[in-house]
Amino acid sequence: MISIELDNITKSFENTRAIDGLSLRFEPGTLHGIIGPDGAGKTTLLRLVGGLLKPGSGRILYKSGPNPAAFEEVRANLAYMPARPSLYADLSIREHLEFFKSLYQLPRDEYAAKSKRLLEITRLERFTERKVGELSGGMYKKLGLMCALLQSPTILLLDEPTNGVDPISRREFWELLYQLLEQNILILISTAYMDEAERCGMVHLIDSGRLIASGEPKEILRKEKAGTFDELFLRSAKK
């Protein structure tokens, strides 16, 4: 299993410091929440972890058990689901799954078993011929997750996957994530919804690229003497 450690990383875009000296550790078998408002640096952080960006300074360390692992070794087992729509409106659910089957070069039998299971747990088996442009927001997000999961990743990066999704679909999406944890994978999910922080095993609260707090949700609220994460962020903004 892969763990990830961020050692005092920074990232700037022109005159904007998007990530400002973050040091964090992400362990497998845990659902890590990257929590913060719009512009906090959540997307930049996930892209750095996923190798889509390079830090301006600091280090990102990957480990396989106790041993260091090169990112080239980790890359094949890492899946990233971006916040912005990235699927094709004129292709059906089935056509998307077959496209990613070819992309990941999955054997036919392996693909058949995986796609069947994913369609069952997402409850999309009755809609395989429906085009993506006709899907609801929740169905769209589930399809994006399925496409990422076809390769059986050990690291899953999800950038605001529940943004703009109705409450019922949000609940179903989280239920899917809990099922995935049974496979002992490492999940990083970013969200601006403060109520979702308490659904995570570990949360890392960031604002303006800086770490506000990190740890188990209930322990953070107890330590900071805050009733909710909204309260904690409002208090931090006033400092």
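Model, not experiment: these values are computed from the prediction.
- A heavy-atom distance below 4.5 Å is not found between the side chains of Phe26 and Met202.
- Proximity of Leu6 to Val49: side-chain heavy atoms (C-beta onward) are separated by under 4.5 Å at one or more points.
- Looking at Leu158 and Leu188, their side chains never come closer than 4.5 Å, going by heavy atoms from C-beta outward.
- Checking Asp166 against Ser169 by side-chain atom types alone, a donor-acceptor pair falls below 3.5 Å.
- A donor-acceptor pair is defined here as one N or O able to donate and one able to accept, closer than 3.5 Å; such a pair exists between the side chain of Thr10 and the backbone of Ser57.
- A donor-acceptor pair shorter than 3.5 Å cannot be found between the side chains of Glu73 and Ser64.
- When hydrophobic clusters are built by joining Ile, Leu, Val, Met, Phe, Trp and Tyr residues whose side-chain heavy atoms come closer than 4.5 Å, directly or via intermediates, Ile121 is grouped together with Leu150.
- Interatomic distance, CD of Glu95 versus CG of Asp90, reported as 8.0 Å (0.5 Å rounding).
- Within the model, atoms NE2 of His96 and SG of Cys147 stand 6.0 Å from one another, a figure rounded to the nearest 0.5 Å.
- Side-chain contact between Leu176 and Glu172 is absent, with no heavy atoms from C-beta onward closer than 4.5 Å.
- Relative ring orientation between Phe100 and Tyr104 is described as tilted, the plane-to-plane angle lying within the 30° to 60° band.
- In summary, the side chains of Thr191 and Glu160 do not present any donor paired with an acceptor at a separation below 3.5 Å, with no hydrogens or angles considered.
- Minimum interatomic distance between Ala89 and Lys131 (heavy atoms only, all atoms of both residues): O-CB, 3.7 Å.
- Taking all atoms of both residues into account, the shortest heavy-atom contact from Lys225 to Glu231 is O-OE2, 3.9 Å.
- A heavy-atom distance below 4.5 Å is not found between the side chains of Ile2 and Lys63.
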The test is side-chain contact (heavy atoms from CB on, under 4.5 Å); show your working for Arg170 and Glu196 and say whether it passes.
CA-CA 10 Å; Arg170 280 175 64 190; Glu196 292 189 331; 3.1 Å; yes
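- Salt-bridge check for Glu5 with Arg59: failed, with every basic side-chain N at 4.0 Å or more from each acidic carboxylate O.
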Where do Arg130 and Leu135 land on the side-chain contact (heavy atoms from CB on, under 4.5 Å) test, with the steps shown first?
CA-CA 7 Å; Arg130 183 173 295 185; Leu135 298 179; 3.6 Å; yes
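- Smallest separation of non-hydrogen atoms from Ala192 and Pro37: CB-CA, 4.5 Å.
- The shortest side-chain heavy-atom distance between Phe173 and Thr122 does not fall under the 4.5 Å cut-off.
- The heavy-atom pair separating Thr30 from Leu181 by the smallest distance is C-CD2, 3.7 Å.
- Side-chain atoms of Glu125 never come within 3.5 Å of backbone atoms of Lys116 as a donor-acceptor pair (strictly under, hydrogens ignored).
- Between the Tyr80 side chain and the Asp159 main chain, no donor and acceptor come within less than 3.5 Å of each other.
- No more than 12 heavy atoms of other residues, nucleotides or ligands lie within 6.0 Å of CD in Gln105, so this atom counts as exposed by the packing criterion.
- Remark: of the listed residues Leu221, Asp195, Ile212, Leu221 is the sole one forming a side-chain contact (heavy atoms from CB on, under 4.5 Å) with Phe229.
- With hydrogens and angles disregarded, no donor-acceptor distance shorter than 3.5 Å links the side chain of Lys141 to the backbone of Thr162.
- Contact record, Lys42 with Gly36: NZ-O, 2.9 Å, taken as the closest heavy-atom pair.
- In this structure, Glu216 places its CD atom where only 12 or fewer heavy-atom neighbours from other residues, nucleotides or ligands lie under 6.0 Å away.
- In the hydrophobic clustering of ILVMFWY residues, with side-chain heavy atoms under 4.5 Å counting as a link, Leu118 and Phe99 come out together.
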Verdict with reasoning, Lys218 to Glu198, per salt bridge (charged side-chain N to carboxylate O under 4.0 Å, His left out)
CA-CA 7 Å; Lys218 290 182 180 179; Glu198 297 186 51; over 6 Å; no
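- Rounding to the nearest 0.5 Å places CZ of Arg25 at 9.0 Å from CG of Leu61.
- Checked by atom type and distance alone, the side chain of Ser136 pairs as donor or acceptor with a backbone atom of Met139 at under 3.5 Å.
- Residue Arg210 places its CZ atom among 12 or fewer non-hydrogen atoms of other residues, nucleotides or ligands, all under 6.0 Å distant.
- Using a distance-only test at 3.5 Å, with no hydrogens or angles considered, no donor-acceptor pair links the side chain of His32 to the main chain of Cys200.
- Using a 4.5 Å heavy-atom threshold, the side chains of Ile9 and Leu45 count as touching.
- Taking CG from Asp7 and CG from Leu24, the interatomic distance works out to 11.0 Å, rounded to the nearest 0.5 Å.
- Contact check on Lys223 versus Glu219 returns no salt bridge, with no Lys/Arg side-chain nitrogen under 4.0 Å from an Asp/Glu carboxylate oxygen.
- Under the 4.5 Å side-chain contact rule for hydrophobic residues, Ile34 and Ile4 share a cluster.
- Between Glu110 and Lys101 no salt bridge is recorded (no basic side-chain N to carboxylate O distance below 4.0 Å).
- Cluster membership for Leu180 and Val74, using ILVMFWY side-chain heavy atoms within less than 4.5 angstrom, is not shared.
- Separating the CG atom in Leu52 from the CG atom in Leu46 is a distance of 9.5 Å, to the nearest 0.5 Å.
- For the atom pair Asp20 CG and Asp207 CG, the distance stands at 11.5 Å (nearest 0.5 Å).
- Looking at every heavy atom in both residues, Leu186 comes nearest to Glu27 through CD1-O, 3.1 Å.
- When atom types are taken as modelled, the side chain of Glu224 and the backbone of Ile220 share no donor-acceptor pair closer than 3.5 angstrom.
- Looking at Lys142, its side chain never comes within 3.5 Å of a backbone N or O of Gly137 through a donor-acceptor pair.
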Go through the steps to decide whether Leu177 and Leu31 satisfy the test side-chain contact (heavy atoms from CB on, under 4.5 Å), and finish with yes or no.
CA-CA 8 Å; Leu177 296 184; Leu31 202 161; 3.8 Å; yes
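- Side-chain atoms of Ser23 come within 3.5 Å of backbone atoms of Asn8 as a donor-acceptor pair (strictly under, hydrogens ignored).
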Show your reasoning for whether side-chain contact (heavy atoms from CB on, under 4.5 Å) applies to Tyr88 and Val132.
CA-CA 7 Å; Tyr88 300 96; Val132 163; over 6 Å; no
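- Taking hydrophobic clusters as Ile, Leu, Val, Met, Phe, Trp and Tyr residues chained together by side-chain heavy-atom distances below 4.5 Å, Leu149 does not share a cluster with Val165.
- Put simply, the side chain of Phe71 does not reach to within 4.5 Å of the side chain of Ile60, judged on heavy atoms.
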